[in-house]
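Quick note on labels: first sequence line is chain A, next is B, and so on, each numbered from 1.
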Amino acid sequence: MGRIPLVLLACGSFNPITNQHMRLFELARDHMHHTGRFQVVGGIVSPVSDSYGKRGLVPAQHRVAMARLALHGSGWVTVDDWESRQPDWTETVVTLRHHLQKLLGQQPSAADLQMPHSSLEGSSEPPQLKLLCGADFLDTFRVPGLWRAEHVEELVGRFGLVCVSRGDLQADRAVHESDTLFRHRHNIFLVREWVRNETSATEIRRALRRGLSVKYLLPDAVIDYVREHQLYTWQSEQRNKDAVLRPLGQQGAPSEPLNDS
Amino acid sequence: MELGSKLRTRVLKLRSFRRHMAIAVHKSFETVRLNFTRAVLASMSRNHPIPSGRTMSRKRPVGSAKRTRTARSFEQPKKTKVVLLACGSFNPITNMHLRMFELARDHLEDTGQYEVVQGILSPVGDGYEKKGLIEASHRGEMAKLAAESSSWIGVDTWESRQANWLETVKVLRHHRQELLSREPDTDVVGTAKAGRKRKRMDASSATKRRKLEEGPPQRSDEPRLMLLCGADMLDSFGVPGLWKPEDIEEIVSSYGLVCITRGGSDPEAFIQGSDLLWPHRHNIHVVREWVANDVSATHIRRALRRGHSVRYLLPDPVLGYIQERGLYTTE
């Protein structure tokens with residue numbers, strides 16, 4: 001039996017993209033390859049649209065541009081702006097469906113996917129698309145109103161997760177504590193980097209606001225872009241300050257008990 | 001004593017006075033008086049050089065002499081120029097090593113007292129004989145590739161070219177002499193003082209003690225060389241037999257330490273508990289790395305041995321160098 005061709009999709013703010021984001025892809029690829037069952041043929045970075053409403057989110061055109069600069073030298077990870085161009089926020093599952101359809105519909109001569117078509121040839125197995133994420137992503141399933149139950153089911157059942165975390169047991173516990181996740185535990189791949197690396201986009205934005213150096217935490221080209229466009233300031237962090245995250249607003253999450261307005 | 005009280009008035013306005021008193025307060029009254037006099041003598045020699053026609057140093061705003069010269073009521077304090085030196089295996093160099101420089105520079109400049117003008121990576125020589133240490137020529141090349149994109153960090157291979165392993169303090173002394181010989185000597189006095197300093201480097205312990213109490217003998221325009229390290233190096237000061245006490249003393253008094261914390265260590269507590277370090281605590285700058293980053297060269301070597309990707313943990317040119325030569329594939 002040949003290896004299953006696998007594409008990893010990472011959804012997120014990428015506000016901005018960091019070395020740590022790109023590490024996730026590298027770690028996931030190594031892990032999935034070492035299972036013996038998969039051949040990772042591509043990676044996709046899909047920045048969320050502006051209507052997500054997250055605090056401090058700078059315009060998608062910038063986030064996409066920075067991701068492209070960062071991944072310029074990567075041989076296998078690309079940036080896709082479909083999600084960011086949608087009129088409204090897109091559920092993760094919808095994004096996954098879109099990309100899987102694209103993947104499956106790919107003809108050997110088609111060049112819309114920027115990966116060599118030969119990676120898909122020579123394998124009798126249909127390609128799979130899995131969501132790449134960090135351990136904290138698993139905890140978001142527990143936030144009331146953030147996910148539809150049927151979407152979680154489709155996400156882990158039909159697609160699958162590749163979840164990169166540190167050596168702690170946070171991800172294991174999240175799988176254990178959710179019946180849905182537990183049922184699909186064989187489709188949830190837990191990848192560990194055994195060292196702590198807590199460099200996050202939040203920290204980087206904070207450093208940039210304060211005029212501190214972020215060199216070596218993200219590619220020079222991205223830092224130059226940020227400087228050129230004066231992207232991350234105190235003002236930019238105030239964006240969406242009082243907004244509700246789009247998924248919560250859309251799915252009619254219960255308002256706070258004490259909010260009588 | 002009339003002469004004593006005149007000197008006292010002048011010294012009170014010197015910035016270095018605080019440091020001397022901090023040391024002096026913990027000693028007996030007799031020693032306090034002794035240190036005080038020495039401090040006065042030291043400050044006199046700095047600010048009142050051999051009569052050569054020059055007035056008080058124009059570069060450091062000191063006491064009343066400066067104030068009478070200008071009508072301004074507020075003087076911008078002069079910033080001390082700093083050069084950061086990092087010694088290590090750099091086997092291989094990583095983004096974390098380079099981050100240390102950036103964090104240190106931000107921290108020092110944030111105090112408003114310092115201007116970091118240069119960073120030096122000094123890979124250890126092959127004589128160190130640590131397990132898995134690849135040739136110095138490779139490590140130096142990789143460090144150079146890594147530092148290429150930096151405007152202020154560079155590599156010095158002097159240490160790596162020495163036949164035998166050198167104590168850290170010797171590397172510091174070498175680089176300080178390099179800095180001194182680079183500095184333009186604008187007057188005879190400057191050269192004379194530099195010559196005296198070099199002699200003092202090898203002086204007896206009694207003179208060393210005097211030098212310690214004066215603080216580092218600096219010209220006002222000389223960049224201060226500081227050792228940049230992780231908290232683990234600071235902790236290693238406590239390992240019996242690993243460091244000579246007089247070397248530690250020299251490092252923290254004549255130079256200075258900039259220590260980047262890693263998770264799981266408490267540099268301030270360590271300094272607090274060390275009689276050797278505590279008097280020089282103002283010369284030991286602890287930089288808190290708020291975001292934990294434990295990625296180490298050891299981790300990277302392990303990943304390479306196992307055929308795992310280390311991309312984005314170190315600069316791409318360094319990774320390319322490693323891959324081209326098949327480095328770190330075996331133990």
Side-chain angles (χ1 to χ4, degrees), chain A residues 8 17-34 40 43 45 67 69-77 164 166-168 191-224, chain B residues 84 93-110 116 119 121 146-153 260-264 287-320 323:
Chain A
L8 300 168
I17 194 165
T18 69
N19 282 348
Q20 189 55 6
H21 289 131
M22 298 188 286
R23 277 301 292 157
L24 296 188
F25 281 93
E26 298 289 309
L27 289 160
R29 179 168 72 160
D30 282 345
H31 179 97
M32 299 308 278
H33 188 85
H34 282 275
V40 177
V45 162
L69 284 169
L71 290 163
H72 174 75
S74 168
W76 65 288
V77 185
V164 182
R166 310 188 295 267
D168 62 9
V191 183
R192 304 208 200 270
E193 173 140 60
W194 294 99
V195 289
R196 280 188 312 172
N197 195 337
E198 288 162 10
T199 319
S200 65
T202 306
E203 278 302 320
I204 284 171
R205 290 197 306 276
R206 183 175 294 135
L208 285 166
R209 282 202 292 283
R210 298 176 183 181
L212 300 174
S213 164
V214 293
K215 200 167 158 85
Y216 312 113
L217 297 178
L218 59 178
D220 284 346
V222 179
I223 299 175
D224 291 341
Chain B
L84 296 170
I93 190 156
T94 70
N95 281 344
M96 184 207 64
H97 293 129
L98 297 160
R99 277 300 294 157
M100 277 187 2
F101 279 90
E102 299 287 312
L103 288 164
R105 178 167 76 160
D106 279 345
H107 177 93
L108 289 176
E109 297 200 341
D110 200 52
V116 179
L121 287 154
E148 237 162 32
S149 74
S150 174
S151 59
W152 64 286
I153 304 169
I260 316 290
T261 65
R262 249 179 180 180
V287 183
R288 271 237 160 249
E289 189 177 15
W290 292 108
V291 178
N293 193 335
D294 292 343
V295 177
S296 66
T298 307
H299 173 80
I300 286 174
R301 291 196 304 275
R302 184 183 299 131
L304 285 165
R305 277 200 301 277
R306 298 177 184 182
H308 293 160
S309 165
V310 294
R311 194 158 189 195
Y312 309 114
L313 295 180
L314 68 187
D316 277 347
V318 180
L319 183 55
Q323 286 169 338

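Across B:Leu313, B:Leu314, B:Leu103, B:Thr94, the residue that shares the most heavy-atom pairs under 4.5 angstrom with chain A is B:Leu313. Looking only at heavy-atom pairs under 4.5 Å with chain B, the residue among A:Leu218, A:Asp220, A:Leu217, A:Leu27 that has the most is A:Leu217. Among A:Glu193, A:Arg29, A:His33, A:His31, the residue with the largest count of heavy-atom pairs under 4.5 Å with chain B is A:Glu193.
No part of B:Ser296 comes within reach of chain A, as not one of its non-hydrogen atoms sits under 4.5 angstrom from that chain. Within the 4.5 angstrom heavy-atom criterion, only side-chain atoms of B:His299, from C-beta onward, approach chain A. In this structure, no portion of A:Thr18 lies under 4.5 Å from any heavy atom of chain B. Of the atoms belonging to A:Asp30, it is side-chain heavy atoms, and not backbone ones, that fall under 4.5 Å from chain B.
Taking the side chain as every heavy atom from C-beta outward, A:Ile17 and A:Leu71 approach each other to under 4.5 Å.
Listed here is the closest heavy atom pair of A:Leu8 and A:Phe25: O-CE2, 3.7 Å. B:Val287 and B:Ala104 get closest at one heavy-atom pair: CG2-CA, 4.4 Å.
Rounded to the nearest 0.5 angstrom, A:Ser213 OG and B:Leu98 CG are separated by 10.0 Å.
Comment: A:Glu203 engages A:Arg206 in a salt bridge, judged by a side-chain N to carboxylate O separation of less than 4.0 angstrom.
Counting non-hydrogen atoms of neighbouring residues, nucleotides and ligands closer than 6.0 angstrom, the NE2 atom of A:His34 exceeds 12 such neighbours.
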